[in-house]
Colleague: 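Shown below is the structure under consideration.
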Amino acid sequence: MPKPAAQQSDETAPSPLDIALEYNRQNWPVFPCRHAAEDVIDHETGEIETRGAKTPLVSRGLNGATLNGPLIERTWARYPDAMIGVPTGEKINAWVLDIDVPPGHADGRIWLAEMEERHGKLPETRTATTASGGKHYYWKYSSEVKNRASIGPGADLRGEGGYVIAPGSKMADGRRYSWDNDAPIVDAPDWLMRLVSPRQAAPTSTTPYSYTDHSGSGDRYTEASVADELETLASHPIGGRGALVNATAYRLGRFVGANLLDRSKAEAGLFAAAQANGVVAKDGEREILAKIRRGLDAGMSHPKHIPERSYGDGTPMRDHSGWIERMKRKDATKSREPTIEAANDNAPCAQSTKATANEAADEPPSLPVVNPIDWDGLPVPQREWFIEGLVPHRQVTILAGDGGVGKSLLALQFGAASALGVETAGYSPTQGRVLYLGAEDEEAEFHRRLADIVRGHGRQLSDLGDFRLIPMADADALLAVPDKAGVMQPTNVWNQLCDLAWRFRPGLIVLDTVADLFGGDEIKRGQARQFIGMLRRLAIEIDCSIILLAHPSQEGIRSGSGSSGSTGWKNSSRSQLYFSRPDDKEADPDIRLLSTKKINYGKVGNETKLRWEHGCFVAETSGGSSPAIGLINRKVEKAFIDLLRIFARTGQNVGASAGTNYAPAKMARHPAAEGHSKKALEGAMQRLLEDGTIKLVWEGPQSKPRQRLMVSADDYGRKEGDE
């Protein structure tokens, strides 16, 4: 349990990062919060919103609270002055009675004094003083205490679904949160528990509800999805029912917009489900019908895309009914749990079923026994690849690489090429949809990288309609963690990823990197095999390829094997690739080597030489650059020629020698350079000189000649042989 620290000056006080790590060591998850109000721009609407002090700095709010030490270090490196937020409830085994003081609030001390006079003094427990002078009383966790505002004037609850600013945090104006004592956190007295945990109201059903097919589509996925949404709405308990009507209408509207569901049937199903959970009786028919219409309208403007897969070899469509039934069982369990109401600036915490590694089944599954004689006379199925000889389809491929070598960029490039349907770096990825989960880089970095990649292929970002990105650099991205028995258990992030994958149906999923996604011990073979097994099952269910990025161990770097931790990683995957720089210290720093360290279905030891050029990798060939880099070169060469002519018209002489008139340096600073760097312009100048497109002429007296670059075709006045 975190201990109170003595009052310290700013010079001797620990940093916010030190405090966050101390809570982490005490097993309290943390997330960063603003130490002052700030304006935030919504990049979609352009609107400016003011976020108050104490609000989360990460997009997932209190759901981003983490016990991942390296992630905490990266987060506070990004937000060095951030206050420390901790989620209340089960995660810290405590709930908090929040007593506010004026100004801005009623005086909760008066309410508390009246309650103590009526019921008796509160027992001693851990308390803290807030930055405003209020009090936080910490009490032992109870599942009955939810996050709720105003149980009395100036008194709020911080329970399941809420958070508090942890002691040790400092606001921008210098005010601090601090522990008052070192007392243990004890059970709240009975009288307080009666006040804070009123009896939960059961779901109110005004009419019985039984689902019938409202889609009329004949499509199994659509029917199952619509049934799931409507049954969840119909069984939803009191609290948040109106918001769920609108959210469910939006999701069904996406099916309507894709012509997979008739709107009138969607409206009828939604209204029947809303009647069943009692919200129609509460809010009235007019209000509920308006919410349904608004939700459907919004959803129709963002129609779902559910591509049909074609099979040229006669392979039958996969039966996904088992997957659908499991998803329905999960959501049915989820719908029975109470909805959490948020209080003040605390975001509600979605309640979700904790998934287990092995789904419980009504009956033990039968073994899939096959007699090979049944194959007699049938065509032998062809091997499927995402990239021929490199990345097998419906399997997990590990792409390992040293830090900074560019493995994330290479995987991103493979994914973008798949979505664009183009060749890249000498490879031909299968065209299709791509889902990329990146836990190491922020959205802006992906924006820059993808802009370079599409430009290198002569395309635009608007061509990446089949690409979806999940940037989680500021979030806890763990997909699985071990339980007390050491068995890997999927997290809520994994469940969300699976749901998105099922709906989006990508042909490739990239997971970057294992260090941020795997919560177990990398050297434990069993845990590594379980994690790869989870990924392989997803690849088979979704019918996709998965590339898992990894950092090699020091031994893996030294030996050149690219291995990391346990042999379970290599043994469980069907392909392992290693991306590295050449061993030769004198080698070109832009050269990379992509080598095959394991491939169950092909030749091991193949090695491809790639070169980093203008933000993406190209195949290094004896005949020169690839078509993609050739296109980039032509663009920068055209820019060089245009700028050279601009300088000539304005009487500015530039030359090929380093100095004040060095052409690439002056051009790189010119507005017409279109962002081309000095290095790129230097390369363009050399190529243009070699092919004679531009030339260097000398002017002035022989005692002090001056060089000048010019476009050869513009040299009208010179005779052949003139110097």
Side-chain angles (χ1 to χ4, degrees), residues 201-308 319-339 348 350-353 499-500 502-505:
T204 301
S205 179
T206 58
T207 58
Y209 179 83
S210 62
Y211 175 75
T212 55
D213 179 14
H214 290 278
S215 71
S217 66
D219 176 75
R220 179 183 295 166
Y221 169 70
T222 301
E223 293 173 5
S225 298
V226 172
D228 176 41
E229 295 287 358
L230 294 179
E231 289 174 355
T232 299
L233 175 60
S235 60
H236 194 76
I238 292 174
R241 290 173 298 176
L244 185 61
V245 168
N246 185 261
T248 306
Y250 171 81
R251 290 191 285 270
L252 264 58
R254 298 191 65 198
F255 285 97
V256 175
N259 294 319
L260 295 168
L261 175 63
D262 182 78
R263 174 161 182 151
S264 62
K265 291 183 177 180
E267 289 178 345
L270 287 162
F271 189 75
Q275 281 185 312
N277 73 20
V279 71
V280 173
K282 173 180 175 290
D283 294 345
E285 291 187 9
R286 178 179 297 181
E287 175 65 21
I288 296 305
L289 288 172
K291 287 182 178 180
I292 290 173
R293 285 193 295 270
R294 288 195 298 269
L296 288 172
D297 290 343
M300 289 175 66
S301 66
H302 296 84
K304 292 188 80 65
H305 298 285
I306 306 177
E308 291 292 334
D319 181 5
H320 295 287
S321 58
W323 176 282
I324 293 172
E325 289 304 316
R326 289 198 298 275
M327 295 296 292
K328 288 174 65 177
R329 284 200 299 271
K330 289 181 186 177
D331 288 341
T333 303
K334 189 185 304 180
S335 69
R336 291 194 294 268
E337 297 184 359
T339 299
Q351 299 295 296
S352 62
T353 303
D499 181 62
L500 176 58
W502 176 249
R503 296 172 190 272
F504 184 57
R505 301 287 294 277

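Note that these values count all heavy atoms, side chains included, but never hydrogens, waters or copies made by symmetry. Numbering starts at 1 and runs along the sequence shown.
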Colleague: Going from CD1 on Ile288 to CZ on Phe271, what distance comes out if it is rounded to the nearest 0.5 angstrom?
Modeller: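 The CZ atom of Phe271 is 8.0 Å from CD1 of Ile288, to the nearest 0.5 Å.
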
Colleague: Can you tell me how far CG of Leu296 sits from CZ of Arg293, rounded to the nearest 0.5 angstrom?
Modeller: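 Output value for this atom pair is 10.0 Å.
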
Colleague: Between Arg503 and Asp499, does any NZ, NE, NH1 or NH2 come within less than 4.0 Å of an OD or OE carboxylate oxygen?
Modeller: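 Yes, this pair counts.
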
Colleague: Search all heavy atoms of Ala249 against all heavy atoms of Ile292 and return the closest pair with its distance.
Modeller: CB-O, 3.6 Å

Colleague: For the residue pair Leu230 and Ala273, what are the closest heavy atoms and their distance?
Modeller: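 Between these two residues, the closest heavy atoms are O-CB, 3.6 Å.
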
Colleague: Answer whether the closest heavy-atom distance between the side chains of Leu270 and Val245 falls below 4.5 Å.
Modeller: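 A side-chain contact is absent here, since even the closest heavy-atom pair is not under 4.5 Å.
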
Colleague: Atom CG of Asn259 and atom CE of Met300: how far apart are they, to the nearest 0.5 Å?
Modeller: 8.0 Å

Colleague: Taking the side chain as C-beta and beyond, is there a heavy-atom pair between Val279 and Leu244 under 4.5 Å?
Modeller: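 Of all side-chain heavy-atom pairs linking Leu244 with Val279, none is under 4.5 Å.
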
Colleague: Distance check, rounded to the nearest 0.5 Å: Leu289 atom CG versus Lys291 atom NZ?
Modeller: 11.5 Å

Colleague: First locate atom CG of Leu252, then atom CZ of Arg263, and finally report the distance between them rounded to the nearest 0.5 Å.
Modeller: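 Separation between the atoms: 11.0 Å.
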
Colleague: For Glu287, I'd like to know if atom CD has over 12 heavy atoms of other residues, nucleotides or ligands within 6.0 Å.
Modeller: yes

Colleague: What are the two closest heavy atoms between Ala234 and Asn277, and how far apart are they?
Modeller: O-CB, 3.3 Å

Colleague: Specify the closest pair of heavy atoms between Val280 and Glu285, including all atoms of both residues, with the distance to one decimal.
Modeller: CG1-CG, 3.8 Å

Colleague: Ignoring hydrogens, what is the shortest heavy-atom contact between Ala266 and Val256? Give both atom names and the distance.
Modeller: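 That would be CB-CG2, 4.1 Å.
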
